[in-house]
Amino acid sequence: MVEMRKPIPVAEAVSQVMGHVHQLGTESISMEQSVGRILAEPIVARHSVPPFDRSPYDGFAIRAKDSIGASGEHRVPFTVIGEIGAGYVGEQPVGPHEAYRIMTGAQMPEGADAVVMFEQTVEAAESFTVRKPFEPGENVSFKGEDAADGESLIATGTLIHAGTIALLATFGYAKVLVYRQPVVGILSTGTELLDVSDDLAPGKIRNSNGPMVKAQLQRLGVPFKSYGTSSDDLDACTEVIARALQETDALITTGGVSVGDFDHLPAIYERLGATVLFNKVAMRPGSVTTVAVLQDKFLFGLSGNPSACFTGFELFARPALLSMMGSTEPYLPYLKAQLAEDFTKPNPFTRFVRAVWKMSANGLTVAPAGFNKSNAVSSIAKGNCLIVLPSGTRGYAKGDEVDLLLIGAEQGAEDWVL
Ligand code: AMP
Ligand code: MG
């Protein structure tokens with residue numbers, strides 16, 4: 001008799017997974033290696049930025065009060081007493097009607113409190129005149145205006161990206177404390193599966209889920225260990241999974257979680273003594289997505305259907321792994337957009353439609369990425385987001401506002417160029 005499974009709502013499934021996240025401790029690594037890792041310490045300003053008052057332009061550093069009364073009819077003269085390039089400091093204080101030639105980034109000389117840009121002067125050999133008065137502080141970049149000494153700038157749990165690296169370097173964080181990363185095992189189950197370099201054979205297909213999941217992990221910067229493919233053989237599959245669990249922090253399997261005669265994952269969870277958190281989610285695709293835990297380790301049982309596999313990873317494995325890595329924002333970024341075409345199918349379960357978002361004259365629009373069944377592979381490649389249509393809805397029309405989840409946006413069209 002076919003086992004009856006009770007579907008749980010997507011949000012409940014996500015929260016069950018997130019409730020079982022265990023972090024893996026921290027490690028100190030070099031800044032150079034830290035891109036994509038999660039901060040396990042806040043970035044605190046170790047000094048002011050800028051560390052000294054400096055010039056934001058190429059020009060002349062003056063005492064503002066010497067420019068009082070300057071106008072087109074009454075140009076005020078200054079004598080140039082030296083030059084300060086970035087990295088140098090002025091040797092003497094600036095006196096009445098004196099000025100230093102100063103370059104962008106150079107420290108303001110003593111006594112000076114304003115910078116006159118070259119364009120604002122008429123220059124002669126060792127002097128210049130100005131035609132307007134300057135305020136104290138005008139054209140000066142002040143010590144600490146960007147960051148004050150001791151200020152906590154970036155919180156623990158934040159992803160380190162290019163901008164974060166700039167900040168780490170600014171403050172001399174040659175080493176940075178980050179959360180340890182899980183090593184994730186990947187196993188694709190299915191007797192029908194061939195390798196990418198194999199020729200097609202009767203009844204067989206190439207394993208696309210394994211490489212896809214690896215790529216999804218790579219996008220998160222999560223290390224993985226591949227266990228290749230396993231045929232639908234209960235004992236053999238159990239053996240590989242038991243070994244993988246010894247060697248990794250979490251395991252992602254694809255296929256074999258449904259109720260078919262050769263879907264062995266439910267029996268394997270039972271044999272291993274894993275606790276199944278859920279084995280049916282009220283979503284399409286991927287309603288058979290199963291998540292189990294064994295001794296603090298996740299077993300993500302993703303559907304073999306490519307679109308379902310992809311979606312199951314993004315909805316459940318992604319936030320769990322990012323959270324294990326210490327991220328405080330592990331969920332897919334979410335936006336609202338206008339549907340670019342009708343979507344008439346009813347949605348008895350929450351539906352995730354592979355789709356393409358783009359900016360149009362009317363704002364952000366989103367259109368399904370083509371063939372959109374759970375076994376589709378082409379629309380995963382074409383899509384750059386997932387439209388989310390809540391369960392119990394039907395008949396979406398062009399122009400309706402829908403939710404969309406962004407998937408790794410590394411590319412952009414030429415619609416916007418300077
Ligand atoms: P399953 O979840 O094992 O019932 O598989 C569902 C469907 O996905 C079947 O049509 C399988 O042939 C297909 N499938 C399973 N595993 C993979 C895989 N690794 N790559 C591509 N398709 C797969
Ligand atoms: Mg199968």
Side-chain angles (χ1 to χ4, degrees), residues 2-5 7 13 184-219 224-241 244 248 250-271 274 276-292 298-317 349 352 354 369-383:
V2 171
E3 170 202 350
M4 292 303 290
R5 297 180 179 178
V184 179
I186 308 169
L187 173 70
S188 304
T189 73
T191 305
E192 72 277 34
L193 299 179
L194 298 170
D195 194 59
V196 62
S197 50
D198 292 338
D199 287 332
L200 282 184
K204 307 282 188 186
I205 58 168
R206 292 193 189 92
N207 169 20
S208 63
N209 290 338
M212 175 181 72
V213 169
K214 280 184 206 168
Q216 286 174 293
L217 289 167
Q218 276 169 339
R219 182 146 66 187
F224 55 81
K225 195 164 158 44
S226 178
Y227 292 87
T229 56
S230 168
S231 59
D232 295 313
D233 176 286
L234 180 57
D235 290 337
C237 218
T238 310
E239 190 273 317
V240 184
I241 290 177
T248 59
L251 179 66
I252 297 177
T253 58
T254 74
V257 282
S258 192
V259 293
D261 295 347
F262 304 100
D263 290 330
H264 295 313
L265 266 296
I268 294 171
Y269 298 135
E270 204 174 309
R271 280 187 172 190
V276 174
L277 302 184
F278 52 82
N279 59 14
K280 185 132 181 125
V281 186
M283 64 188 252
R284 284 231 161 86
S287 65
V288 297
T289 306
T290 300
V291 179
F298 282 112
L299 293 104
F300 296 100
L302 305 181
S303 163
N305 279 313
S307 284
C309 181
F310 178 85
T311 308
F313 178 94
E314 296 293 333
L315 289 182
F316 304 112
F349 282 176
F352 296 89
R354 271 88 48 223
F371 183 66
N372 236 301
K373 287 196 180 156
S374 67
N375 54 10
V377 70
S378 57
S379 60
I380 320 174
K382 291 175 184 165

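Remember, it's a predicted structure, so these values are computed and weren't measured experimentally. Order of listing sets the numbers, starting from 1, for every ligand and every atom in it.
Rounded to the nearest 0.5 Å, atoms CZ (Arg354) and CD1 (Ile380) are 6.5 Å apart. Remark: Gln216 CD to Phe224 CZ distance equals 11.5 Å, nearest 0.5 Å. Distance check: Asn372 CG to Ser378 OG gives 8.5 Å after rounding to the nearest 0.5 Å.
The heavy atom nearest to atom 7 (C) of ligand 1, out of those in Asn305, Thr191, Val377, is found in Asn305. With atom 1 (P) of ligand 1 as the reference point, the heavy atom nearest to it among Gly256, Gly203, Pro306, Pro211 is part of Gly256. For the residues Asn207, Leu187, Val213, the heavy atom positioned nearest atom 19 (N) of ligand 1 is part of Asn207. Scanning Gly301, Gly304, Cys309, Ser258 for the heavy atom closest to atom 15 (C) of ligand 1 points to Gly304.
Considering only non-hydrogen protein atoms, atom 9 (C) of ligand 1 sits nearest to Glu192 OE2, 4.1 Å. Protein heavy atom closest to atom 4 (O) of ligand 1, with residue, atom name and distance, is Asp263 OD1, 3.8 Å. Among protein heavy atoms, atom 17 (C) of ligand 1 sits closest to Asn209 ND2, 3.2 Å.
Of all the atoms in ligand 1, the ones that sit under 4.0 Å from a non-hydrogen atom of Thr254 are 19 (N).
Contacts of Leu193 with ligand 1, taken as heavy-atom pairs under 4.0 Å, involve the side chain alone.
Of the N or O atoms in Ile205, none lie within a sub-3.5 Å distance of an N or O in ligand 1.
In this structure, the salt bridge (Lys or Arg N to Asp or Glu O under 4.0 Å) partners of Glu239, at least two apart in sequence or on a different chain, are Arg243. Residues meeting the ring-ring contact (aromatic ring centres under 6.0 Å, His included) test with Phe298, sequence neighbours left out: Phe300.
A donor-acceptor pair is defined here as one N or O able to donate and one able to accept, closer than 3.5 Å; such a pair exists between the side chain of Asn209 and the backbone of Gly304. Thr191 contributes a side-chain N or O that, together with a main-chain N or O of Asp232, makes up a donor-acceptor pair within less than 3.5 Å.
Taking a 4.0 Å cut-off on heavy atoms, Asn375 fails to register as neighbouring ligand 1. The closest approach between a heavy atom of Gly190 and any atom of ligand 1 is not below 4.0 Å. For the ligand labelled ligand 1, residue Ser208 lies inside the 4.0 Å heavy-atom shell.
In this structure, Arg271 pairs ionically with Asp235, as a charged nitrogen and a carboxylate oxygen lie closer than 4.0 Å.
There is no side-chain donor-acceptor pair under 3.5 Å between Asp233 and Ser231.
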